[in-house]
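Heads up: the structure comes next, in structure tokens.
Sequence lines set the chain letters: A, B, ... in the order given, protein chains first and strands last, and positions in each chain run from 1.
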Amino acid sequence: MATELWAIALVLVATIVGSLGPIMMKKASSRVKFRKGKVFDKYLFAGFALYGISTIMFIPALKGGELSVLYPLVSVTYVWVSWLSMWMLKEKMNYRKWSGIALVIMGVILIGSTA
Amino acid sequence: MINKWAFGLMFLCTFLTSVAQFFYKKAAMQLSFSISGILFNMPLYIGAGLYILGALLMLVALRGGDLSSLYPVIATSFIWVTLLSAYLLHEHVSITKYIGIASIMAGISMIGYGSRGNNHGN
């Protein structure tokens, strides 16, 4: 079965939604107070919810394509997270970090393509 | 930009969630759609417990560094799952997978290298 365009598009949208999850987790991490028992934070819930939604979006996509094509596509999440952390968390990227992400994506594609 | 312990915690968290996946797989294999089937599905509880523990560890880890530096460590789950599959399920590891593992490790190293600098915590 050739992977259809809509499946690829759905996965890409799912990765964008999914990449907001870690952003929420990062925001939650500075607000959570373990010693006071304040673990349930709205950002933590938001993070889990976004992760859940993106995972659910992935399921119908699998009907339209091969896992060995769609699974590596999820690795673009690392790019989204890096961009979003620059924009929403005021973090800094550099040439080394971007090269590292490129190598990671390449590795994920290699492993995922054998699925 | 990052504390060293944060990296270690992310590795641990990723390992736990990778192991959790195997418990889920086991849970799915012995799944029966009945009250007792779900209530007494031990692998399901262990998998869920490991996953929650991993999430809490990640929460702590993220206090110690930039998300853009720490998040890619999650990619090592591919390495853990590949190795665990080879060991527990006797799956064959192809040359392609080894190269992929090496690439991920090189990438994480580069990111760690690029994350050295003044610590500004969160």
Side-chain angles (χ1 to χ4, degrees), chain A residues 18-34 39-41 43-45 47-48 51 68 71-72 74-75 77-115, chain B residues 1-2 6 9-10 13 17 51-52 55-83 85 91-118 120-122:
Chain A
S19 65
L20 285 166
I23 302 281
M24 294 294 122
M25 290 287 277
K26 173 66 179 174
K27 282 194 174 295
S29 70
S30 57
R31 289 163 52 99
V32 159
K33 291 175 174 62
F34 286 104
V39 180
F40 296 108
D41 182 82
Y43 284 111
L44 184 62
F45 284 129
F48 270 115
Y51 174 69
S68 58
Y71 203 39
V74 176
S75 63
T77 305
Y78 299 113
V79 177
W80 304 145
V81 170
S82 298
W83 269 339
L84 284 175
S85 42
M86 283 201 291
W87 179 40
M88 296 176 77
L89 302 170
K90 310 270 185 286
E91 290 179 7
K92 292 186 173 65
M93 286 298 288
N94 54 47
Y95 157 73
R96 288 192 188 120
K97 285 165 81 172
W98 282 120
S99 312
I101 290 191
L103 282 167
V104 164
I105 290 179
M106 218 168 65
V108 170
I109 288 176
L110 282 171
I111 293 183
S113 67
T114 63
Chain B
M1 286 190 232
I2 196 166
L9 264 184
M10 285 299 287
C13 140
T17 48
Y51 193 78
I52 291 173
L56 287 175
L57 284 178
M58 181 160 126
L59 213 51
V60 177
L62 286 178
R63 292 161 92 109
D66 285 353
L67 183 68
S68 50
S69 300
L70 291 172
Y71 185 68
V73 176
I74 291 191
T76 54
S77 67
F78 286 95
I79 302 179
W80 293 125
V81 171
T82 302
L83 294 177
S85 296
E91 274 182 21
H92 172 64
V93 184
S94 62
I95 294 283
T96 312
K97 278 194 174 151
Y98 275 120
I99 299 176
I101 288 176
S103 190
I104 291 178
M105 286 169 75
I108 304 269
S109 300
M110 274 297 259
I111 291 170
Y113 187 33
S115 301
R116 287 182 185 181
N118 4 21
H120 57 73
N122 296 331

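Of the atoms belonging to B/Met58, it is side-chain heavy atoms, and not backbone ones, that fall under 4.5 Å from chain A. Residue contact with chain B, scored on non-hydrogen atoms closer than 4.5 Å, involves the side chain of A/Leu44 exclusively. For B/Thr82, the part lying near chain A is the side chain, with the backbone staying farther off; criterion is any non-hydrogen pair under 4.5 Å. For chain A, the nearby parts of B/Ala55 are the backbone and the side chain; heavy atoms of each come within less than 4.5 Å. Contacts of B/Leu56 with chain A are made by both backbone and side-chain atoms, with heavy-atom separations under 4.5 Å.
Closest approach of B/Ala75 and A/Val108 over heavy atoms only: CB-CG2, 4.5 Å. Between A/Ser99 and B/Met110, the shortest heavy-atom distance links the atoms CB-CE, 3.7 Å. Here the closest heavy-atom approach between residue A/Ser85 and residue B/Ser68 is recorded as OG-CB, 3.3 Å.
Your options are B/Val93, B/Thr96, B/Ile79, and the one with the most heavy-atom pairs under 4.5 Å with chain A is B/Thr96. The residue among A/Tyr95, A/Tyr51, A/Trp98 with the most heavy atom pairs within less than 4.5 Å of chain B is A/Tyr51.
The NZ atom of A/Lys26 sits 10.0 Å away from the CZ atom of B/Arg63 when rounded to the nearest 0.5 Å. In this structure, CG in B/Leu67 is found 11.0 Å from CE in A/Met88, a value given to the nearest 0.5 Å. In this structure, A/Asn94 CG and B/Ser69 OG are separated by 8.0 Å, a value rounded to the nearest 0.5 Å. In this structure, CD1 in B/Ile111 is found 7.0 Å from OG in A/Ser82, a value given to the nearest 0.5 Å. Residue A/Trp80 holds its CH2 atom at 13.0 Å from OH of B/Tyr71, rounded to the nearest 0.5 Å.
The backbone N or O of B/Ser115 lies less than 3.5 Å from no partner atom in the side chain of A/Lys97, so there is not a single donor-acceptor pair. For A/Glu91 (side chain) and B/Asp66 (main-chain N/O), no donor-acceptor pair under 3.5 Å exists by modelled atom type.
By the 6.0 Å contact criterion, CE on A/Met93 is enclosed, its count of non-hydrogen atoms from other residues, nucleotides or ligands being greater than 12.
Taking 4.5 Å as the limit, every side-chain heavy atom of B/Leu59 sits out of range of all side-chain heavy atoms of A/Asp41.
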